[in-house]
Amino acid sequence: MHTKLQGNYPNPFNPETTISYSVNDPSVVKIEIYNIKGQKVKTLVNELKQRGMHSVVWNGNDEDNRSVSSGIYFYKLHSGHITDVQKMVLMK
């Protein structure tokens with residue numbers, strides 16, 4: 001098992017999507033959402049995770065709980081020296 005993003009489903013999505021990821025060793029995991037301009041929209045996970053498969057749901061809201069617009073978004077996993085990024089599409 002490797003620490004990496006497994007993908008999100010559904011994709012495209014509306015109104016929410018589930019992001020799955022795996023963790024190789026217990027470590028602090030951060031998962032953040034970015035818009036197409038590279039601006040951070042929301043932090044979904046920022047905590048110690050044990051080895052194994054995990055998932056988190058994003059409901060299409062930003063840090064202030066406002067609904068974001070349709071478009072392309074990127075979700076980034078960071079854990080130790082590992083960074084993984086994937087793309088998703090929100091269609092309203």
Side-chain angles (χ1 to χ4, degrees):
M1 177 177 300
H2 300 287
T3 298
K4 68 177 192 170
L5 290 167
Q6 303 296 323
N8 71 299
Y9 58 89
N11 189 19
F13 71 98
N14 181 17
E16 64 184 27
T17 188
T18 301
I19 298 169
S20 298
Y21 58 99
S22 58
V23 177
N24 188 38
D25 295 309
S27 61
V28 173
V29 173
K30 185 182 277 191
I31 296 183
E32 297 171 316
I33 308 294
Y34 291 86
N35 64 21
I36 195 78
K37 297 177 183 177
Q39 301 163 319
K40 186 170 78 167
V41 173
K42 183 153 184 127
T43 299
L44 297 178
V45 176
N46 188 11
E47 63 189 20
L48 177 65
K49 292 291 184 179
Q50 297 301 315
R51 182 180 200 276
M53 292 293 301
H54 303 274
S55 65
V56 61
V57 174
W58 182 43
N59 62 3
N61 290 345
D62 66 12
E63 295 284 13
D64 297 322
N65 208 30
R66 295 179 300 216
S67 181
V68 299
S69 61
S70 296
I72 296 171
Y73 292 87
F74 297 92
Y75 52 107
K76 178 171 110 174
L77 174 144
H78 181 75
S79 178
H81 65 281
I82 296 172
T83 300
D84 195 4
V85 178
Q86 291 195 24
K87 179 174 73 171
M88 62 184 158
V89 177
L90 171 59
M91 295 179 69
K92 293 188 177 182

Scan the side chains in residues 82-92 for donor-acceptor partners under 3.5 Å anywhere in the protein, sequence neighbours excluded, and list what turns up.
unit_1	atom_1	unit_2	atom_2	d
Thr83	OG1	His78	ND1	3.0
Asp84	OD2	Leu5	N	2.9
Gln86	OE1	Tyr75	OH	3.2
Gln86	NE2	Leu5	O	3.4
Lys92	NZ	Ser67	OG	2.3
Lys92	NZ	Val68	O	2.4

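Applying the salt bridge (charged side-chain N to carboxylate O under 4.0 Å, His left out) test to every pair with at least one member in residues 43-54, sequence neighbours left out, gives these pairs: Glu47-Lys49. Counting only residues at least two apart or in different chains, ring pair (Phe, Tyr, Trp, His ring centres under 6.0 Å) contacts with residues 31-56 comprise Tyr21-His54. Sorted by first and then second residue, the salt bridge (charged side-chain N to carboxylate O under 4.0 Å, His left out) pairs with a member in residues 58-75 read Asp62-Arg66, Asp64-Arg66; sequence neighbours excluded.
Remark: Leu48 pairs with Gln50 by the side-chain contact (heavy atoms from CB on, under 4.5 Å) rule, at least two apart or across chains. For Lys42, there are no side-chain hydrogen bond (donor to acceptor under 3.5 Å, both in side chains) partners two or more places apart in sequence or in a different chain. For Glu16, there are no side-chain hydrogen bond (donor to acceptor under 3.5 Å, both in side chains) partners two or more places apart in sequence or in a different chain. Asn14 pairs by the side-chain hydrogen bond (donor to acceptor under 3.5 Å, both in side chains) definition with nothing, not counting sequence neighbours. Applying the side-chain hydrogen bond (donor to acceptor under 3.5 Å, both in side chains) test to Asn24 and every residue at least two apart in sequence or in another chain returns nothing.
Taken together through direct or relayed side-chain contacts under 4.5 Å among Ile, Leu, Val, Met, Phe, Trp and Tyr, Phe74 and Trp58 form parts of separate hydrophobic clusters.
Between Val29 and Thr3 there is no side-chain heavy-atom pair separated by less than 4.5 Å. Residues Val45 and Ile19 have side chains not in contact (no heavy-atom distance under 4.5 Å, counting atoms from C-beta outward).
Under a 3.5 Å cut-off, the side chain of Ser22 and the backbone N or O of His2 do form a donor-acceptor pair. Using modelled atom types, one side-chain atom of Thr17 and one backbone atom of Pro10 make a donor-acceptor pair closer than 3.5 Å.
Atom NZ of Lys76 is separated from atom OG1 of Thr43 by 10.0 Å, given to the nearest 0.5 angstrom. Between Leu44 atom CG and Leu77 atom CG the span is 11.0 Å, to the nearest 0.5 Å.
Residues Ser27 and Ser79 bring a donor and an acceptor atom of their side chains to less than 3.5 Å of each other.
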